[in-house]
Amino acid sequence: RLFPWTVSTSSPPRKHPFRGFIQHRAAIMREGRECGVNALFFGCRHEKKDFIYQEELKQYEEEGVLQLYTAFSRDTEKKVYVQDIMEDNAMLIWGLLEKGAHFYVCGDARHMARDVHQQLLRIIQDYGKMELKDAETYVISMENSFRYQKDVWS
């Protein structure tokens, strides 16, 4: 089943599963079929050293297959992480979630995945006008319907 909207967060080396997912979406679009919004929030330390598949992802962005949001934590004076660019795009994420988007997280469980989860709860609280307990219930509902999935490591 093709999910019409997806929000994905990733850091190396776990971006590889997303690559296949995006390639599949690109093939669907080339057939003239609709595949909805695919937003990827990707973070790594250095753009020049760590941003693997950069050219491919930029091409997918130009083709309209992907909306790409990047954070390079060591390339600027102030560290910028995936959760920071999620905050900058909170309205987009909330709008996609309300349309039934699937949310995928791939990355380090101790830091990245935990921080992304906390940011997701804040987005749901702020834009859904919910208390923390209600936002947690919203996320649990997403998990139970397989709309929130994690591929994380420690």
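Values below: every heavy atom of this structure, side chains too, minus hydrogens, waters and symmetry copies.
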Asks: Compute the centroid of each ring, for Trp94 and then for Tyr138, and state whether the two points are separated by less than 6.0 Å.
Replies: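 Between Trp94 and Tyr138, the centre distance is under 6.0 Å.
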Asks: Is the backbone of Arg110 close enough, under 3.5 Å, to the side chain of Arg114 for a donor and an acceptor to pair up by distance?
Replies: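 Yes; at least one donor-acceptor contact below 3.5 Å.
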Asks: By side-chain contact (heavy atoms from CB on, under 4.5 Å), which residues pair with Asp126, not counting sequence neighbours?
Replies: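 Testing Asp126 for side-chain contact (heavy atoms from CB on, under 4.5 Å), a comparison that skips the adjacent residues, returns none.
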Asks: Let me confirm one number: the CG-CE distance from Leu121 to Met130, rounded to the nearest 0.5 Å.
Replies: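 Rounded to the nearest 0.5 Å, the CG-CE separation comes to 10.5 Å.
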Asks: Are any of the side-chain heavy atoms of Leu120 and Phe103 separated by less than 4.5 Å?
Replies: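 The answer is yes; the side chains approach within 4.5 Å.
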Asks: Tell me if a side-chain donor or acceptor on Asn89 pairs with a main-chain N or O of Leu92 at a distance below 3.5 Å.
Replies: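 No; judged by distance alone, with no hydrogens or angles, the pair does not exist.
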Asks: With rounding to the nearest 0.5 Å, note down the distance linking OG in Ser8 to CG in Leu66.
Replies: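 Interatomic distance, Ser8 OG to Leu66 CG, rounded to 0.5 Å: 8.5 Å.
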Asks: List the steps, then state whether side-chain contact (heavy atoms from CB on, under 4.5 Å) holds for Asp115 with Tyr81.
Replies: CA-CA 9 Å; Asp115 295 340; Tyr81 297 104; over 6 Å; no
Asks: Would you mind checking if Glu131 and Lys133 are paired as a salt bridge, meaning a charged N to carboxylate O distance below 4.0 Å?
Replies: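 Salt bridge between Lys133 and Glu131, a charged N being under 4.0 Å from a carboxylate O: no.
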Asks: If we only count heavy atoms from C-beta on, is the Val37 to Gln67 side-chain gap below 4.5 Å?
Replies: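 A side-chain contact exists here, since the closest heavy-atom pair is under 4.5 Å.
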Asks: Without hydrogens or angle criteria, can the side chains of Gln125 and Arg122 be said to hold a donor-acceptor pair below 3.5 Å?
Replies: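 Their side chains do not contain a donor-acceptor pair, so the 3.5 Å distance test is not met.
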Asks: When rounded to the nearest 0.5 angstrom, what distance separates CZ in Phe21 from SG in Cys106?
Replies: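 The SG atom of Cys106 is 11.0 Å from CZ of Phe21, to the nearest 0.5 Å.
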Asks: Is there side-chain contact between Met91 and Tyr127, with at least one heavy-atom pair below 4.5 Å?
Replies: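 They are in contact (side-chain heavy atoms under 4.5 Å apart), so the answer is yes.
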Asks: Which residues pass the salt bridge (charged side-chain N to carboxylate O under 4.0 Å, His left out) test with Glu98, not counting sequence neighbours?
Replies: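 Result, salt bridge (charged side-chain N to carboxylate O under 4.0 Å, His left out) vs Glu98: none returned.
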Asks: Working to the nearest 0.5 Å, report the span between CD of Gln118 and CE of Met86.
Replies: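 Result: 10.5 Å between the selected atoms.
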Asks: Is a side-chain donor or acceptor of Arg25 paired with a backbone partner of Asn38 at a separation under 3.5 angstrom?
Replies: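 No, the answer is negative, given that no donor and acceptor are paired below the 3.5 Å cut-off.
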Asks: Applying side-chain contact (heavy atoms from CB on, under 4.5 Å), name anything that partners Lys150, two or more places apart in sequence or on another chain.
Replies: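 Counting only residues at least two positions away or on another chain, Lys150 forms a side-chain contact (heavy atoms from CB on, under 4.5 Å) with Val105, His117, Glu143, Tyr148, Val152.
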Asks: Only one of Lys48, Lys49, His46 passes side-chain hydrogen bond (donor to acceptor under 3.5 Å, both in side chains) with Asp75; say which it is.
Replies: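 With Asp75 as partner, side-chain hydrogen bond (donor to acceptor under 3.5 Å, both in side chains) holds for just one option, His46.
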Asks: Can you hop from Met142 to Val116 via hydrophobic side chains spaced under 4.5 Å?
Replies: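 Yes; tracing contacts between hydrophobic side chains, which count when under 4.5 Å, links both residues.
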Asks: Are Tyr104 and Val65 connected in a single hydrophobic cluster, I mean Ile/Leu/Val/Met/Phe/Trp/Tyr linked by side-chain heavy atoms less than 4.5 Å apart?
Replies: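 The answer is yes; both residues are in one hydrophobic cluster.
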Asks: Please tell me whether Ile140 and Val7 are part of a single hydrophobic cluster in this structure, the criterion being side-chain heavy atoms less than 4.5 Å apart.
Replies: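 No.
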Asks: Rounded to the nearest 0.5 Å, what separates atom CZ in Arg30 from atom SG in Cys35?
Replies: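 Rounded to the nearest 0.5 Å, the CZ-SG separation comes out at 10.5 Å.
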Asks: Identify the two heavy atoms, one from Thr6 and one from Ala101, that lie closest to each other, and give their separation to 0.1 Å.
Replies: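 Looks like N-CB, 4.4 Å.
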Asks: Of all residues at least two apart in sequence or in a different chain, which pass the ring pair (Phe, Tyr, Trp, His ring centres under 6.0 Å) check with Tyr60?
Replies: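 Once residues adjacent in sequence are excluded, Tyr60 has no partner under the ring pair (Phe, Tyr, Trp, His ring centres under 6.0 Å) criterion.
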Asks: Taking the side chain from Ser145 and the backbone from Ser141, do they hold a donor-acceptor pair closer than 3.5 Å?
Replies: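 Side chain of Ser145 to backbone of Ser141, a donor-acceptor pair under 3.5 Å: yes, one is there.
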Asks: For the pair Phe51 and Phe42, name the ring-plane relationship: parallel under 30°, tilted 30 to 60°, perpendicular over 60°.
Replies: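 Judged by the thresholds at 30° and 60°, the geometry between Phe51 and Phe42 is parallel.
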Asks: Judged by atom type as modelled, is there a donor-acceptor pair below 3.5 Å linking the side chain of Glu34 to the main-chain atoms of Gly36?
Replies: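 Between the backbone of Gly36 and the side chain of Glu34 there is a qualifying donor-acceptor contact (under 3.5 Å).
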Asks: How far does CD of Glu63 sit from NZ of Lys58, to the nearest 0.5 angstrom?
Replies: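 With rounding to 0.5 Å, CD (Glu63) is 14.0 Å from NZ (Lys58).
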Asks: Does Lys79 offer a backbone N or O that forms a donor-acceptor pair with the side chain of Arg74 under 3.5 Å?
Replies: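 Flag not set: sc Arg74 to bb Lys79 has no pair under 3.5 Å.
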Asks: On a heavy-atom basis, which atom in Ile22 and which in Leu40 lie closest, and how many Å separate them?
Replies: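 Where Ile22 meets Leu40 most closely, the heavy atoms are CD1-CD2, 4.0 Å.
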Asks: Who passes ring pair (Phe, Tyr, Trp, His ring centres under 6.0 Å) against Tyr69, sequence neighbours left out?
Replies: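 For Tyr69, the residues satisfying ring pair (Phe, Tyr, Trp, His ring centres under 6.0 Å) (neighbours in sequence not counted) are Phe41.
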Asks: Kindly state each residue pair satisfying salt bridge (Lys or Arg N to Asp or Glu O under 4.0 Å) with at least one member in residues 81-94, sequence neighbours excluded.
Replies: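 As it turns out, there is no salt bridge (Lys or Arg N to Asp or Glu O under 4.0 Å) pair with a partner in residues 81-94 once direct neighbours are skipped.
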